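Working notes, beginning with the structure itself.
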Amino acid sequence: PIEHKHKLSCLRQELIDAFVESRYMMFIKYAAVQLQQLGLKKQMEPVKQIEVKKEKEEGAEKESEMEEDEAKRIVESMTDSITSGEKKEVEDSTKQIVKKAALAVGSLKETEFDIRFNPDVFSPGVIHPKDNLNFKKECQLVQDAADFLITVQIPAFIRDCLDHSTAPMDGATLADAIHNRGINMRYLGKITEMLGKVPQLEYVYVIAVSEVVMRSAKHLFTLFLQGMDMLSLSCSISHFLNCLLSSCPTPSCTVPDQIHKKRSRNRSKKTTSKTSPLTPTDSVEWANLSPKSLWAQIKTEAKSYFDWNLTADSIDAFVELINLNKITLLRSFCQKTGVQIMLREYQFDNKTVQSFSEEDIVNMYPIVKHINPRATDAYNFYTTGQSKIQQGFLKDGYELISEALNLLNNVYGAMHPEIAQCLRMLARLNYIMGDHMEAMSCQQKAVLMSERVNGIDHPYTITEYTHLALYCFANTQVSTALKLLYRARYLALLVTGENHPELALIDSNIGLILHAVGEYDISLRFLEKALQLNLTYHGPKSLKVAVSYHLVARTQSCMGDFRSALTNEKETFTIYKTQLGEEHDKTKESGECLRHLTQQAVVLQKKMNDIYQGKTKAGLPPIQIQPPSMGSVLDMLNIINGILFVQISQQDIENFKKEYEMRQKDGPSPKKAEIEGDTTKALKMDSEEKSCSPEGSPEVESSQSPAVEAS
């Protein structure tokens, strides 16, 4: 392992929880297998054969969930009887089993599962008592936990990114995602290395590399400021920023007036008392910093702290390497160091003029790390509400989330990030239940709050804008919806650059709305960009890509380019056929669309041939374009934003009622799902299907039906 700079490095609580959970499952499975071998299955309910899984496998696979529950029941009843000593007739062999299982998972006690950590085992200054029998076990546990972090948690984070359950947009959201898995930021180099091997995760790799470099720069900046004279502060910070981000090879800096320094020097001569090492010196060493020396230091720091080899040796080479804007890097650096700069257009690429002057440095504020306390009751209400919604109990979910909002207001006051999250959820629920005005009202509050508590350029605020745009469009405020989406796109470009899955979603939304208002040329450009991004990050076989192809084909057919439209719609048809089968509604719909496009293309070609052969003197008739109805555009917007209205036939409802009556006869029944409307109910869908199904037929009235949220 790499030696860390300081001795205060520790493992995160999330990692410890995951590790203990993993070891507990291992303990239970080991004991259950031993019990079966003993033949205890004759006395208890028969248990299926349970395999002992290696520690390296994370958690349990779905197919063995029942077996685990069974194993838990057997083992817990057995360990209780041993530890309480109630049943003296318990055989010695069962004690032996627990002993073996405890030994296998490194438990500190032989009679039960007991994993606790001693944080001081590797601290150099701590002397441990000689009679501590568990010392070796304690050392081994800490090593195993660190091993678990590298072999299980980091690959799990990569998998999260691959299935798009985690999609960080900037350094802060990447850090949150890594911390949620219990991984410390000092492992960022290792994560970056693994991300570099997966071409599909190029956007996360770019964020990770820029994070490594900016964090290394932050460490150097902290040293750079040590003992800095207050007079030199703005000059020195602007000089550091010039060396870091400006293309100017020799940035010059003006050292503040020396007269003041001479006075202070004379004053210091008079005082004979010993000076503190923290008092500012007259040294102007900081002025000797050059871009070349700074980037050499960043290279060294990235290697020593993160174990990451940086190949670039200047800002221009680095920007070219990761294809990112300098303004994005500037934003990241300022957020990390607390430097506040003047709001203006900065010229980064001019090689003769330096980008920053001392007037640009407005302020410096402290960056304070702290743990966010959680309102537990409100959190429980919120998560229960979410699971109710997933099951289709929309009204129950709505009540629970409203209650969570009240509790959050009481605990945190009027402004808090979690309240914004709660408001967003309520807005979505209102939208699903058909109350579009209330949805827009809630979402407006969420946007205002997110701007205040997260910041106007935070990724969460960008998401809030896209949601508000959808609700504005549903309330026929088309121009407002477009303005919000353009704003969201501008901020996304600032925060993350051109290449990110979130940009594909924003572009699809913009393209669809422009299509609705008849701006086909611009619409096509946005939709083609979205298609390109979806192909890069979701792969050519994804249902999201199928929807993108379909949207492009629709727009091209409206422009009269039937040949290109046919090509794109064929791609949609092929994806649906391979993924969903020939009998699926979506495949049939796409087939219908293909037939219609072919027909149109043939008619157009015939007329053109007639003109060429001189059979008709009339010019080419104008293409009859049927503008899409607002309803069909809204259906499509719902689909790409992950809100899916599922239609169910009367026959299905009858079957559901019969099944419900049967269950009532058999025993206590679960709470009846509310069926809103006569012919629809909410169904839980696979997340890929949720966000990616293509447009339903425009004739279907789906505004009354409940829906599924796929956030």
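Since we're looking at a predicted model, the values are computed, not measured. Computed over heavy atoms, backbone and side chain alike; hydrogens, waters and symmetry mates excluded.
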Quiz item: What residues, two or more places apart in sequence or in another chain, satisfy ring-ring contact (aromatic ring centres under 6.0 Å, His included) together with His164?
Solution: His538
Self-check item: Electrostatic pair Lys388:Glu399 at N-O distance under 4.0 angstrom
Solution: no
Quiz prompt | Short side-chain to backbone donor-acceptor contact, Ser210 and Val206, under 3.5 Å | solution = yes
Quiz prompt | Residues, nucleotides or ligands: over 12 heavy atoms within 6.0 Å of Leu223 CG | solution = yes
Self-check item: Those residues that, when tested against Glu438, pass salt bridge (Lys or Arg N to Asp or Glu O under 4.0 Å) (two or more places apart)
Solution: none
Practice problem: Would you indicate whether Tyr379, at its atom OH, is surrounded by more than 12 heavy atoms from other residues, nucleotides or ligands within a distance under 6.0 Å? | Solution: no
Practice problem: With sequence neighbours excluded, give me every ring-ring contact (aromatic ring centres under 6.0 Å, His included) pair touching residues 446-471. | Solution: Tyr431-Tyr471, His458-Tyr460
Exercise. Answer yes or no: does atom CE of Met415 have more than 12 heavy-atom neighbours from other residues, nucleotides or ligands under 6.0 Å?
Key: yes
Self-check item: Side-chain donor-acceptor pair present, Asp176, Thr173, cut-off under 3.5 Å
Solution: no
Quiz prompt | Sequence-distant partners of Phe221, ring-ring contact (aromatic ring centres under 6.0 Å, His included), two or more places apart | solution = Phe240, Phe333
Exercise. Just jot down the salt bridge (Lys or Arg N to Asp or Glu O under 4.0 Å) partners of Arg344, sequence neighbours excluded, or say none.
Key: Asp360
Quiz item: Does a donor on one side chain sit under 3.5 Å from an acceptor on the other, for Lys218 and Thr222?
Solution: no
Quiz prompt | By ring-ring contact (aromatic ring centres under 6.0 Å, His included) - contacts of Phe117 (at least two apart) | solution = Phe19
Practice problem: Could you pull out all residues at least two apart from Tyr382 that satisfy ring-ring contact (aromatic ring centres under 6.0 Å, His included)? | Solution: none
Quiz item: Among pairs that include at least one residue of residues 482-491, which meet side chain to side chain donor-acceptor pair (under 3.5 Å), considering only residues two or more places apart or in two chains?
Solution: Arg489-Asp507
Quiz item: In chain order, what residues pass the side-chain contact (heavy atoms from CB on, under 4.5 Å) check against Leu423, with sequence neighbours excluded?
Solution: Leu405, Ile419, Lys445, Ala446, Met449
Quiz item: Should we say atom CZ of Arg452 is surrounded by more than 12 heavy atoms from elsewhere, each under 6.0 Å from it?
Solution: no
Quiz item: With Ala375, which residues qualify under side-chain contact (heavy atoms from CB on, under 4.5 Å), at least two apart?
Solution: Ala378, Leu408, Val411, Tyr412
Quiz item: Who are the salt bridge (Lys or Arg N to Asp or Glu O under 4.0 Å) partners of Glu464, not counting sequence neighbours?
Solution: Arg424
Quiz item: Taking the inter-plane angle between the rings of Phe113 and Phe27 on a 0 to 90° scale, is it parallel (under 30°), tilted (30 to 60°) or perpendicular (over 60°)?
Solution: tilted
Quiz item: Can the positive tip of Arg181 be found less than 6.0 Å from the middle of the six-membered ring of Phe157, inside 45° of the ring normal?
Solution: no
Practice problem: Could I get the full list of side-chain hydrogen bond (donor to acceptor under 3.5 Å, both in side chains) partners for Lys326, not counting sequence neighbours? | Solution: Ser247, Asp316, Asp349
